[in-house]
Protein chains: 2
Amino acid sequence: MKYSISEVAKKLDLTAYTLRYYDKEGLMPFVERTPNGTRVFKESDIDALKIIECLKSTGMPIKEIKNFIDWCSDGDSTLQERYDMFLERKTSVEEQMEELKKTMELIEHKCSYYKTALDAGTEDIHKTNKIGNF
Amino acid sequence: MKYSISEVAKKLDLTAYTLRYYDKEGLMPFVERTPNGTRVFKESDIDALKIIECLKSTGMPIKEIKNFIDWCSDGDSTLQERYDMFLERKTSVEEQMEELKKTMELIEHKCSYYKTALDAGTEDIHKTNKIGNF
DNA sequence: ATAAGCCCTATAGTTAACTCTAGGTCAAGA
DNA sequence: TCTTGACCTAGAGTTAACTATAGGGCTTAT
């Protein structure tokens, strides 16, 4: 099955602009073209784009994702680099999860703070203790 | 206890530039000044900045954080808005956690993919099945 | 009293990741 | 044939969030 750029954009919830931008940045060297230059995406290209989106969602900048794509093109000699990169991504995601957990605790604290204030009709209910007055 | 802008920057792992930028964007209307204009931070200002950092870490843009700060200045009439905002943040963080979990699964899959390839010395070990060739 | 070191404002510059416009090609339908 | 609509490139514009510079003011140590 083959897809046009706008079909892929819809599938991945991106715009065609974004996909062309990724291509320009060297993230999609594998996508083939018709003789007149139109991009033709195959199933495996979409899989690769899903990995790219995955890496992006870990906060990895596009230039670093390009390194990975280049390594992929370079073949088996870069297996170690790619393995190390994913291990590093794993660590990064773990840290982000920890960070989010802490954020969640503060947010939940604020939710109950405002619930109490709302029930009382005033924030003054909290003003007796010194912390958390925001 | 009072603090200078650079002391606060160090405490919160930000730069003085960033703090002045926040101030310019209206995030710190509560910070007092000496007669000649120098900012003087008190403990409660630092607490407020921690909340701002917390909101920022949920992905909230500075302009929306400013809305919240404005509501805080407006007093009890905005308690509902502030409560709703934190509930919304809570939902957002929950979604981000879900997203990160999915990301983690893919990353871990890639880790074992590359571990296997590395042990075999070649990525070809995976080439028999059609998916996941990246 | 003068230089160092911190503070200030206003404003310009940077970076990442898009997002859009202009100008053009090509294929299919009325 | 001619128009519509999808595709293309090159390059300009946008936005958020800083980051830095220029020019100036206090305070403190030599």
Side-chain angles (χ1 to χ4, degrees), chain A residues 1-42 45-46 49-69 89 92 96 99 103, chain B residues 1-42 45-46 49-69 89 92 96 99 103:
Chain A
M1 195 56 183
K2 302 297 173 70
Y3 306 91
S4 75
I5 195 165
S6 58
E7 285 167 340
V8 175
K10 189 171 287 179
K11 254 180 189 296
L12 299 178
D13 201 26
L14 297 169
T15 67
Y17 293 144
T18 304
L19 286 171
R20 290 198 197 99
Y21 165 68
Y22 286 178
D23 199 4
K24 193 155 47 174
E25 294 299 306
L27 262 44
M28 293 153 47
F30 42 75
V31 175
E32 284 169 15
R33 305 279 189 129
T34 63
N36 72 70
T38 298
R39 291 173 187 82
V40 183
F41 294 77
K42 43 193 178 316
D45 297 343
I46 293 174
L49 279 165
K50 281 178 186 163
I51 301 291
I52 287 170
E53 286 306 286
C54 169
L55 290 173
K56 225 162 52 79
S57 77
T58 70
M60 198 174 191
I62 280 172
K63 282 187 183 163
E64 277 176 47
I65 299 179
K66 186 192 169 353
N67 290 342
F68 167 65
I69 298 294
R89 281 302 91 197
S92 168
Q96 289 174 48
E99 190 59 33
T103 298
Chain B
M1 192 60 182
K2 302 297 173 71
Y3 307 90
S4 74
I5 195 165
S6 57
E7 285 168 340
V8 175
K10 188 172 289 181
K11 255 180 189 295
L12 299 178
D13 201 27
L14 296 168
T15 68
Y17 292 145
T18 303
L19 286 171
R20 290 198 197 98
Y21 165 70
Y22 287 177
D23 198 5
K24 191 155 49 174
E25 293 301 305
L27 261 43
M28 292 153 47
F30 41 76
V31 175
E32 284 168 15
R33 306 277 190 130
T34 63
N36 71 71
T38 297
R39 290 172 188 84
V40 183
F41 294 77
K42 41 192 179 321
D45 296 342
I46 292 174
L49 279 165
K50 281 179 187 163
I51 300 291
I52 288 170
E53 287 304 286
C54 169
L55 291 173
K56 226 163 51 78
S57 76
T58 70
M60 198 173 190
I62 280 171
K63 282 189 181 160
E64 277 176 48
I65 299 178
K66 185 192 170 353
N67 290 341
F68 167 66
I69 299 294
R89 282 301 91 198
S92 167
Q96 289 173 50
E99 190 60 33
T103 298

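Every chain is numbered from 1, with letters handed out A, B, ... down the list of sequences.
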- Message: Please tell me if Arg33(A) has a side-chain N or O lying less than 4.0 Å from either OP1 or OP2 of dT9(D).
- Response: yes

- Let me know the distance between CD of Glu64(A) and P of dA16(C), rounded to the nearest Å. 11 Å

- Task: Looking only at side-chain atoms of Ile62(A), point me to the closest of dC18(D), dC7(D), dA17(C).
- Result: dA17(C)

- Message: Once you apply a heavy-atom cut-off of 4.0 Å, does Ser4(B) come out as touching a base, just sugar-phosphate, or nothing?
- Response: sugar-phosphate

- Report the distance from atom CD of Glu7(B) to atom CD1 of Ile46(B), rounding to the nearest 0.5 Å. 8.5 Å

- Note on the structure: Of Asn36(A) and Glu7(B), the one whose nearest nucleotide on DNA chain C sits closer to the 5' end is Glu7(B)

- Message: Does a side-chain N or O of Lys56(A) approach OP1 or OP2 of dC18(C) to a distance below 4.0 Å, or not?
- Response: yes

- Message: By the salt bridge (Lys or Arg N to Asp or Glu O under 4.0 Å) test, which pairs, at least two apart or in different chains, include something from residues 8-19 of chain B?
- Response: none

- Query: If we ignore angles and hydrogens, is there a donor and acceptor under 3.5 Å between the side chains of Thr58(B) and Ser92(B)?
  - Reply: no

- Task: Ignoring the backbone of Ser6(A), work out which of dA6(D), dC7(C), dT9(D) is nearest its side chain.
- Result: dA6(D)

- Message: Just the rounded figure in Å: distance from C1' of dA17(C) to CG of Leu55(A).
- Response: 16 Å

- Item | CD on Glu99(A) to CD on Gln96(B), rounded to 0.5 Å | 11.5 Å

- Rounded to the Å, how far apart are Tyr3(A) OH and dC7(D) P? 15 Å

- Regarding the side chain of Pro61(B), the nearest nucleotide among dA17(D), dC18(D), dC8(C) is dA17(D)

- Message: Could you report the tightest heavy-atom contact between Ile65(A) and Ile52(A), atom names first, then the distance?
- Response: CD1-O, 3.9 Å

- Task: Please round to the nearest 0.5 Å and tell me the distance separating atom CD1 of Ile51(B) and atom CD1 of Ile69(B).
- Result: 9.0 Å

- Minimum-distance nucleotide (side-chain atoms of Ile5(A) versus dC7(D), dA17(D), dC7(C)): dC7(D)

- Message: Over all strands shown, is Thr34(A) touching base, sugar-phosphate only, or nothing at heavy-atom distances under 4.0 angstrom?
- Response: nothing

- Distance, rounded to the nearest Å, where Phe41(B) contributes CZ and dC8(C) contributes P: 7 Å

Which pairs, protein N/O on one side and nucleotides 3-5 of chain D N/O on the other, fall under 3.5 Å?
none

- Glu53(A) has an atom CD; how far is it from atom P of dA17(C), in whole Å? 12 Å

- Item | Basic-acidic side-chain contact under 4.0 Å: Asp23(B), Arg20(B) | no

- Any idea which heavy atoms bring Leu19(B) and Ile5(B) closest together, and the distance? CD1-O, 3.5 Å

- Please work out which residues in residues 17-29 of chain B have a non-hydrogen atom less than 4.0 Å from an atom of DNA chain D and list them by number. Tyr17(B), Thr18(B), Tyr21(B), Tyr22(B)

- Item | Donor-acceptor pair between Lys66(B) and Tyr22(B) side chains, under 3.5 angstrom | no

